[in-house]
Structures are given as structure tokens and as C-alpha cells.
Amino acid sequence: MDRGLSRVLFVDLSAHRAHVEERPELFRARLGGTGVAIELLHELCPEGADPLSPENPVILAVGPLSALFPLASKTVALFKSPHTGNLGESHCGGRSAVALRLAGYGAVVITGRSDIPVYIVIEGGKVHFRDARALWGLSSSFTVGRIIWERESGSGFRSILRIGVAGENLVTYANVVAESYRHFGRLGLGAVFGAKRLKAVVIIGKGRVPVADGPRYSRLYRELHGRAVRSELFKKYHDLGTPQNVRPLNAIGALPVRNLRENRYPDEPPFTGERMAERYLGRRLACAGCPVACIHLAALREPYPDEPFFYKTTFVSYDYEPIYSLGTMLGGQDPEGFLKLMEAVEHLGLDAMSCGVVLAWATEATERGLISGADTGGLVPRWGDYGVYIQMARRTSRWPGGSPRGRGSSTTSSPGASPRPRRATAARSSPWRSGGTRWPATTPAPGPTSPTSWGHATPTSTRPATPWTKRTCGRGGSGPRGSSPGPSSPRRPGARSSPRSSSASSPGDSTTSGPPPGASPS
Amino acid sequence: MAKRLSVVDVDRCVDCLLCAFACARRFGEGGLAGSAIAVRSVGGMERGFVVIVCRACADPSCMAACPTGAIRVAEVGVRVDLERCTGCGKCVDACPIGAVFWDGERGKPVICRHCGLCAQFCPHGVIAFVEVPRG
């Protein structure tokens with residue numbers, strides 16, 4: 001096993017520091033990223049931790065096949081889910097796994113809560129903490145990605161994981177978007193990011209992975225690659241993608257329709273893989289290292305209503321799951337309406353599946369008189385009415401009066417103590433939600449605060465960790481509201497010295513150097 | 001018959017990076033540090049991609065920029081003499097298409113040798129190993 005895989009990067013958002021621990025025994029004992037991550041979660045997540053508290057760790061991990069063999073393109077995220085109060089496990093492709101491994105890490109552990117919104121850049125053995133206040137509240141996760149795309153280096157060798165406003169506002173099924181079209185979709189990792197005031201994680205990796213027997217590795221790779229590209233199993237994913245399921249599921253009466261009140265469309269649904277491909281398929285994408293290219297993007301061409309012959313064309317990814325949740329579960333008849341809702345969900349950073357199911361529930365609940373316009377801000381959902389669904393998704397992500405955790409109408413004080421508004425359409429009403437999650441009254445609202453400490457940290461390669469050079473501007477230290485570093489990872493070994501201060505003018509410029517991943521251990 | 005690598009239809013690219021990983025396997029290693037071909041998006045995945053690789057110039061800017069004569073023209077493309085290379089990086093700056101890559105771990109440039117291995121692994125016909133036109 002190469003040394004890079006056994007390195008775990010710990011990022012403490014409360015202190016704006018990072019360090020590396022060598023855990024070869026962990027990566028030997030546990031096969032794959034999920035095994036490593038569950039062990040780390042077990043070590044680091046205190047029993048009874050609130051999922052949106054600083055102490056809930058986010059663990060991203062890859063395995064020994066990542067960046068080495070075809071198809072091994074997923075990063076696993078483990079965390080305590082704010083949606084269920086239980087284990088949160090979500091897997092994401094894109095370039096995330098390759099970037100993480102080639103950055104020289106097998107896992108990243110993110111703990112704490114930043115005093116102000118930040119995004120972090122993991123690159124060359126360093127962790128940069130960048131001011132993200134100007135990115136907070138941007139209406140589109142695409143815009144966030146594009147700004148970071150422009151501002152940071154490493155294009156072609158990086159992954160940009162970011163949240164939308166849904167994550168900022170702690171919607172319990174907010175997701176984390178990677179590379180525009182891939183996601184840590186399920187179980188609310190976006191809300192955990194939002195609670196940590198973590199807008200994005202950029203991972204830049206272009207290292208090498210040494211192998212014991214190069215020629216044998218090349219032969220094995222060629223064999224596996226050949227099997228993958230010749231397999232009929234993968235052909236489906238490549239050609240029509242998972243929406244190929246829609247037609248047969250409809251035929252056998254196994255398609256979720258209208259909040260599961262029905263199980264098929266009388267005629268062929270408008271969202272079959274065949275029809276979507278014929279009418280809309282405009283581009284295909286792959287995750288790094290995978291020849292299948294199962295990501296299908298619809299080219300959505302929309303006229304602007306205010307000017308004749310003026311159009312915009314956007315690309316919207318579609319799969320079977322969003323088709324059932326945002327399409328058939330909502331009784332949709334209009335593929336363009338579905339695509340517009342899907343696009344809105346991507347921009348907002350909501351999990352498409354949970355969002356669709358919530359909207360479907362709200363529609364049926366409205367029909368049955370269980371909820372009314374008073375619960376939905378005056379919006380009345382009707383099957384297939386995508387204009388209303390888009391507005392509902394937006395309002396869910398930016399709940400009027402504040403976040404679902406009760407920001408209230410005050411914009412000047414820490415509002416965690418205010419009562420939570422009733423949320424009829426959001427996950428709070430989910431019947432499967434466990435009762436175990438506690439909602440402390442002390443959670444500060446994410447949002448702009450005064451300038452405070454800045455810096456970047458250069459992880460050391462061995463434990464115990466050594467001091468970090470930390471630059472400060474403004475007051476430094478703790479922010480004005482509730483930003484003192486919490487018990488972010490009580491069981492973490494290795495005490496760190498207090499940070500040294502050094503002068504600096506702006507966040508982000510790097511003044512220290514340190515051993516890059518793969519450097520010889522000290 | 002001399003052949004060179006050619007990007008024949010960049011719009012077919014799906015960003016799988018199989019070309020770049022194949023390039024690194026020339027040296028029997030995984031990862032991207034030793035790769036002489038790269039793919040990056042043009043402003044995000046929604047905007048498509050560019051494939052960056054040496055196009056085997058007849059009069060290479062990288063060679064002209066090299067102060068130690070470590071880069072010389074081969075039958076197709078160039079070769080880097082890593083013994084003579086001092087790692088100054090001028091070749092990287094000189095290439096207008098960015099096709100001189102930098103192995104940060106070794107402090108040396110990486111330039112495509114036009115072996116064609118990457119084209120064998122391109123699943124979608126983006127790149128091809130084509131005969132160099134005579135004359």
C-alpha cells in the first residue's frame with residue numbers, strides 16, 4: 001500500500017487549522033473507503049452528537065482502487081445525518097475520488113464550525129481557508145462552482161464540492177454538488193456543510209500512485225477496462241443511462257406515480273430513457289477513471305419571453321431517480337417542466353430524490369386537506385404543475401423568515417433560540433424521521449460575521465501535529481457570535497500548540513511551506 | 001510510417017481521463033503526475049472540455065526556450081533529456097497550448113512522446129493516433 005492512501009487529513013474549521021495523521025493500520029484493516037470512513041466516524045463522532053453541531057465530523061474517504069483502476073470513481077462521505085439523526089452515508093463520483101487520492105490522502109476529516117463562511121482548498125500538502133462570505137447566499141451552486149473555477153488553480157486536476165442555499169439554510173436534505181452534475185446527494189451532507197459554514201471544498205491532486213509491479217498493473221488494467229467496455233451490463237448505463245428503467249417499470253406497474261398512489265402511467269410516460277434521449281440528450285459525461293459515461297445531460301432550450309428569437313440553452317443532468325421523484329411522483333406530463341425543476345433543484349443544492357418525494361407528499365396532503373396554503377406560503381401544489389413546484393423548491397431552500405432551524409426574522413442576533421417555524425413541506429414532516437435528533441437552542445445562524453482570523457494551514461506529516469503558521473487580519477481569534485471553537489473532535493489525539501501570528505494582508509496567500517504529500521516522513 | 005497523436009473531435013470528450021491515466025501507465029504507475037495529456041473543462045463541466053496534448057510542432061517553442069539543449073526534435077514530437085534538464089520550467093511557459101506538463105514531484109517537464117497508448121483507451125474517439133502527412 002502506498003503511503004498516500006494511509007494519510008488522513010484533519011481539517012478543523014473552528015481553528016482554521018489542519019494536520020495529517022498516518023493511519024496505515026486503519027487502511028490495512030478496513031477494505032475500501034467506506035470501511036475506513038465508518039471506523040473514523042466511530043472514533044470521532046461523539047455519542048448523541050447533534051448532526052448540525054460542530055462536533056459532527058464529515059469524513060470523505062477513498063479506497064485502494066481509486067485513481068488506479070477503471071470504474072473506481074467514488075468518494076464516500078460518512079457523517080451523522082441531520083435528516084434522520086442516524087448514520088449518513090453518501091457516495092459521489094465526478095473527479096472527487098481521483099483528486100483526493102492524488103492530493104496524497106486516503107481520507108479527509110472535517111470538524112468544527114468556522115466563524116465566518118469559508119471554503120477550503122486542499123492542495124500540495126496545504127489547506128487554504130478562503131473567505132466565502134461573498135459566495136454565501138448566491139442563488140446557484142453553478143455560479144459558486146464557476147467563481148471558484150475562475151479563482152483557484154488546478155483546473156483539470158481538481159474537484160469542487162459545494163453547497164447551494166439549501167445547505168446554507170440547513171435544509172435536512174440539502175446535498176453537496178461536485179463538478180456541476182454529481183452529488184453527495186442523500187441524507188443531508190449539504191446541511192452539515194452549511195452548519196459548519198463550509199461553502200465548498202476544493203481538492204487539487206495530480207500526484208502519482210506507485211504500484212509494486214508496473215507491467216502487471218498495466219496488464220490487469222487493460223483486462224478490466226476491456227471487460228468494462230465490452231460488458232452488456234454497462235451498455236445500458238452508457239446508452240440511455242438509468243432512465244432506460246422507466247419504460248419497463250411502467251410496463252410491469254412498478255413506477256412510483258403521484259406519491260405512490262399509482263404505479264404506472266396509462267400510456268407511456270413522457271420521461272422514458274428513449275424519449276428523453278431522442279428529444280433532449282445533448283451531452284454525456286463520465287466520472288474520472290470510468291469509461292462508461294453514464295451521466296446524461298439534457299440540452300434544454302428555452303425562449304426568453306421578452307424578446308423574440310432569443311434563447312438560452314442549458315444542460316441539465318437526468319437519471320432514473322430524479323425522473324421518478326421529480327417526474328412521475330409529481331404526476332408530470334411535461335419533460336421540459338421536469339427539466340426546469342431538476343435544474344432549479346441543482347442550483348439550490350437539494351437532493352433531487354428527497355425533494356421530489358416531499359413535493360409529492362405535499363401535493364397529496366393538499367388534496368386531502370391535511371395542509372393548506374397557510375402551510376405552503378400560499379402556494380397550492382397540483383400534480384404536474386412545475387411552476388408551483390419550482391417555487392416550492394426555492395422557498396424550501398430559502399424558507400421565509402429564515403432557516404428551518406429558526407433563524408427568525410431578526411438579522412442581527414444569534415437566533416438559534418427562536419422557535420422553529422412550522423414546515424409542512426420539508427423533511428421535518430417526514431414520517432421516517434427519527435425522534436432522536438436534538439436541536440439545541442444555541443446554534444448560531446450561518447451568515448456573514450465580522451472579519452476574523454484567516455490563514456492557511458500546512459499539515460504536518462506525522463503526529464503529534466506541530467504548530468501552524470496562522471495569519472490573522474482584523475481581530476483574529478473568536479468571532480462575535482458563538483464562534484468559539486467547540487469540542488470539534490474530542491477524541492483526536494495530538495495536542496497542538498497555539499498558532500503563531502504573522503502579518504498578512506488578505507486571506508488566501510500562502511506564506512508557509514510544508515512537506516507535500518508523499519514527502520519522506522520526518 | 002510515423003504517427004502522431006491527434007485530437008480529432010473534442011466535443012465527444014466525456015472527461016473520463018482514461019487517456020491521462022494510460023499515459024501515466026507508460027511508467028508503470030498510477031495517478032496523473034507523469035501524464036503528458038490532460039483534460040479540463042472550459043468553465044465547468046456544463047461547458048465542455050479541452051484536451052491538452054503536444055501537437056508535435058515542426059519548430060517547437062519548448063525546444064527554442066530550453067537553455068540547456070535538453071529538448072530536441074524527434075521523428076515525431078520532441079524528446080527531453082532529463083540528465084541535461086535543469087528543471088527551469090522555461091519550456092512550460094514557452095508552449096502556447098500548455099502541452100508541456102510539469103511533474104511537480106520530480107521537478108521536470110513531461111511532454112507527449114506520441115506513442116499512441118492513450119488513444120487505445122479513449123472510449124469515445126476524441127483522440128486518435130494518425131499518420132503524419134508527408135511533406
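Residue numbering restarts at 1 for every chain, and letters A, B, ... go by the order of the sequence lines.
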Please state whether the side chain, the backbone, both or neither of A24(B) comes within less than 4.5 Å of a heavy atom of chain A. neither
Hey, which of D103(B), L32(B), V50(B) has the most heavy atom pairs under 4.5 Å with chain A? L32(B)
Is it the side chain or the backbone of F157(A) that comes within 4.5 Å of chain B heavy atoms, both, or neither? side chain
Pair E346(A), S317(A) - check side-chain contact (heavy atoms from CB on, under 4.5 Å), show working. CA-CA 9 Å; E346(A) 295 270 38; S317(A) 73; 3.1 Å; yes
Most chain A-contacting option - heavy-atom pairs closer than 4.5 Å, from A20(B), G34(B), S41(B): S41(B)
Going by atom types only, do S153(A) and E123(A) share a side-chain donor-acceptor pair under 3.5 Å? yes
For I37(B), the option from L117(B), I52(B), V51(B) that meets side-chain contact (heavy atoms from CB on, under 4.5 Å): V51(B)
Heavy-atom pairs under 4.5 Å with chain B, option from V98(A), L68(A), D213(A) with the top count: V98(A)
Atom OG in S35(B), atom CZ in F27(B): separation rounded to 0.5 Å? 9.0 Å
Using a cut-off of 6.0 Å, state whether more than 12 heavy atoms not belonging to R26(B) lie near its atom CZ. yes
Counting heavy-atom pairs under 4.5 Å to chain B, which of H238(A), R284(A), H225(A) comes out on top? H225(A)
Tell me which of these, F142(A), F315(A), F69(A), has more heavy-atom pairs under 4.5 Å with chain B than the rest. F142(A)
Scored by heavy-atom pairs under 4.5 Å with chain A, the best of L17(B), V14(B), D11(B) is V14(B)
In H128(A), R162(A), E152(A), the residue satisfying side-chain hydrogen bond (donor to acceptor under 3.5 Å, both in side chains) with Y119(A) is E152(A)
Max heavy-atom pairs within cutoff under 4.5 Å with chain A, candidates R25(B), Q120(B), E29(B), H124(B), goes to R25(B)
Please classify the contact between C122(B) and chain A as side chain, backbone, both or neither, with a heavy-atom cut-off of under 4.5 Å. neither
Under 4.5 Å heavy-atom distance to chain B, tell me which part of R158(A) shows up: side chain, backbone, both or neither. neither
Go through the steps to decide whether V229(A) and F234(A) satisfy the test side-chain contact (heavy atoms from CB on, under 4.5 Å), and finish with yes or no. CA-CA 7 Å; V229(A) 297; F234(A) 290 116; over 6 Å; no
Pick from G214(A), A293(A), G289(A): which one has the most heavy-atom pairs with chain B under 4.5 Å? G289(A)
Is it the case that H296(A) and R283(A) place a side-chain donor and acceptor less than 3.5 Å from each other? no
